[in-house]
There are 2 protein chains.
Amino acid sequence: MVGTKGVPRAEREEQIVAVAVDEFAASGYAGASMSLIAQRAGISKPLIYQYFGSKDGLYLTCLHHVAGALLERLELAQLQEDDSVASRVHTMQAIFEALEPQRSAWQLLYDTTMPMTGEIAEAARSYQDRTAELAASGSERFLRSRGQRSKLDASALSAAWMGLVSALVGWWLGHPEESAEQMTQRCYRLITAILDSGA
Amino acid sequence: MVGTKGVPRAEREEQIVAVAVDEFAASGYAGASMSLIAQRAGISKPLIYQYFGSKDGLYLTCLHHVAGALLERLELAQLQEDDSVASRVHTMQAIFEALEPQRSAWQLLYDTTMPMTGEIAEAARSYQDRTAELAASGSERFLRSRGQRSKLDASALSAAWMGLVSALVGWWLGHPEESAEQMTQRCYRLITAILDSGA
DNA sequence: ATGGTAAGTGACCTCAGGGTAACTAACTGT
DNA sequence: ACAGTTAGTTACCCTGAGGTCACTTACCAT
């Protein structure tokens with residue numbers, strides 16, 4: 001079947017991006033197949049190229065679409081943070097809420113299979129840096145308030161925190177029946193349990 | 001240049017596996033190139049196929065080589081654990097020490113680009129399950145000792161813990177000048193700082 | 001009605017990467 | 001010396017994935 005189906009470009013682009021985000025998240029940049037994305041979106045490959053130019057172009061669009069909203073929400077949540085560990089739950093809440101519309105989005109930011117050079121790498125790095133900075137400033141403040149000043153320790157703590165968040169999001173992906181709010185409360189319970197064990 | 005170079009098979013296999021582990025860790029199963037591995041190992045592609053049969057065969061060998069030692073060490077460390085959070089540092093120590101000879105090994109276990117079916121997937125899943133079980137039993141015991149009995153919470157905590165460990169190993173990869181012992185001490189400092197903040 | 005434009009496709013090109021066939025040169029024991 | 005085995009290579013095949021060309025059909029303004 002050939003010829004237009006009467007679907008306007010903007011709408012098609014949304015459909016394609018939705019499918020692509022999912023596919024990129026599941027298989028990574030390298031593993032994802034343009035043909036498969038086209039097939040799953042119910043259109044043919046050349047249409048994707050007409051709209052997005054290249055695989056990089058599509059990925060870039062997906063990345064901005066996904067990371068833009070997330071970062072905005074995250075930087076907002078940052079303002080509610082204080083020195084306490086418990087307040088970290090706010091960050092988790094922000095992430096869960098921002099991710100609710102398309103949970104798999106998170107994987108795009110930390111895809112290890114994307115090329116290490118070029119526009120797409122720069123964009124990803126830029127988003128990664130912004131999230132890392134949020135985590136880092138929090139970690140440093142946290143450690144300083146406890147009398148530790150090692151830059152390296154702060155850097156490691158920051159990495160650990162981001163890995164922890166990443167893993168929880170991954171767990172969430174495997175438990176789709178859980179709502180964002182349930183996840184937030186779960187985090188609260190866990191953090192409390194860990195801290196109560198104290199000293 | 002053609003013909004033997006006088007290197008016995010066992011030795012060559014070791015060289016190849018060493019390079020392959022590195023390459024698989026860096027680019028993932030899908031992204032790694034057999035040609036590149038051959039080139040970096042200083043031999044030609046067919047020799048790899050002669051020795052390992054296929055890409056899957058090579059990956060499998062790498063996986064067993066790497067995960068076997070790690071799991072053994074990890075299951076040993078498990079015995080030193082108690083209910084406290086602080087004792088988790090023993091697990092970290094075990095991981096750092098087991099990984100010292102080839103740090104990038106860790107990535108192999110959790111490569112998301114490997115095929116989801118076949119012998120290699122089963123092997124990976126088996127190793128993942130063994131590590132997950134270690135983490136899970138620890139998490140469950142930990143939560144139960146604090147009066148919480150939710151299976152889901154334990155599962156999430158387990159995932160979070162594994163993500164945290166994974167991230168710290170990743171951080172270590174980016175800071176090659178740090179020794180395993182320094183990493184262990186760093187973990188001790190961080191855990192202490194978090195717990196001291198208590199309640 | 002009709003021409004221009006937007007939406008859409010089948011068939012192809014190109015090239016990288018897994019995998020193989022056929023050949024060659026050095027060791028090793030008799 | 002020489003035959004057999006082990007270590008090693010060059011040159012190739014084939015599939016799949018990114019990407020493009022030429023073509024087709026529906027919508028829309030005059």
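Chain naming here is simple, since letters A, B, ... match the order of the sequence lines and numbering starts at 1 in each. For the numbers below, each heavy atom of this structure counts, side chains included, while hydrogens, waters and symmetry mates do not. The structure presented is a predicted model; accordingly, all values stated were derived computationally and were not measured.
DNA chain D is contacted by both A:Gly6 and A:Pro46; A:Pro46 maps to the nucleotide lying nearer its 5′ end (nearest heavy atom per residue). With DNA chain C read from its 5' end, the first of the two nearest nucleotides for B:Gly53 and A:Leu47 is the one closest to A:Leu47. Mapping B:Gly3 and A:Pro8 onto DNA chain C by nearest heavy atom places A:Pro8 closer to the 5' end of the strand.
Rounded to a whole Å, the CD1 atom of A:Ile48 is 13 Å from the P atom of D:dT20. Nucleotide C:dA16 holds its P atom 15 Å from the NZ atom of A:Lys55, rounded to whole Å. With rounding to whole Å, A:Phe52 atom CZ is found 15 Å from D:dT20 atom P. Here the C1' atom of nucleotide C:dG17 and the CG atom of B:Leu36 are 12 Å apart, to the nearest Å. Following rounding to the nearest Å, A:Gln39 (CD) and D:dG18 (P) show an atom-to-atom distance of 13 Å. Taking atom CD1 of residue A:Ile37 and atom P of nucleotide D:dA17, one finds them 12 Å apart after rounding to whole Å. Distance, A:Asp56 CG to D:dA17 C1': 14 Å, rounded to whole Å. Between the OH atom of B:Tyr51 and the C1' atom of D:dT9 there is a distance of 12 Å, given to the nearest Å.
Within the 4.0 Å cut-off from OP1 or OP2 of D:dT9, at least one side-chain nitrogen or oxygen of B:Lys5 is found. Residue A:Ser44 places at least one side-chain N or O under 4.0 Å from the OP1 or OP2 atom of C:dT9. Between B:Tyr49 and C:dG19 there is a side-chain polar atom (N or O) within less than 4.0 angstrom of OP1 or OP2.
Picking from D:dA7, C:dT24, D:dT25 the nucleotide with the shortest atom distance to the side chain of A:Val2 gives D:dT25. Between C:dG19, C:dT24, D:dG18, one nucleotide has an atom nearer to the side chain of B:Lys45 than all others, and that is C:dG19. Picking from D:dT25, D:dG8, C:dG19 the nucleotide with the shortest atom distance to the side chain of A:Thr4 gives D:dT25.
In this structure, A:Met162 and A:Tyr110 have side chains that are in contact, with non-hydrogen atoms separated by less than 4.5 Å. Residues A:Trp172 and A:Leu99 are in side-chain contact: their nearest non-hydrogen atoms beyond the backbone lie under 4.5 Å apart. At a threshold of 4.5 Å between non-hydrogen side-chain atoms, the residues B:Leu143 and B:Arg149 do not count as touching.
Look at A:Arg141 and A:Asp82 and you find no salt bridge, because none of the NZ, NE, NH1 or NH2 atoms lies under 4.0 Å from a carboxylate O. Looking at A:Glu140 and A:Lys151, a side-chain N of the basic residue comes within less than 4.0 Å of a carboxylate O on the acidic one, giving a salt bridge.
Ring geometry, A:Tyr29 versus A:Tyr59: the interplanar angle exceeds 60°, so the pair is classed perpendicular (tilted spans 30 to 60°).
For the contact set between residues 10-34 of chain A and DNA chain D, defined by any heavy atom under 4.0 Å, the members are A:Ala32, A:Ser33, A:Met34.
Without hydrogens or angle criteria, A:Arg88 side chain to A:Ser84 main chain gives no donor-acceptor distance under 3.5 Å.
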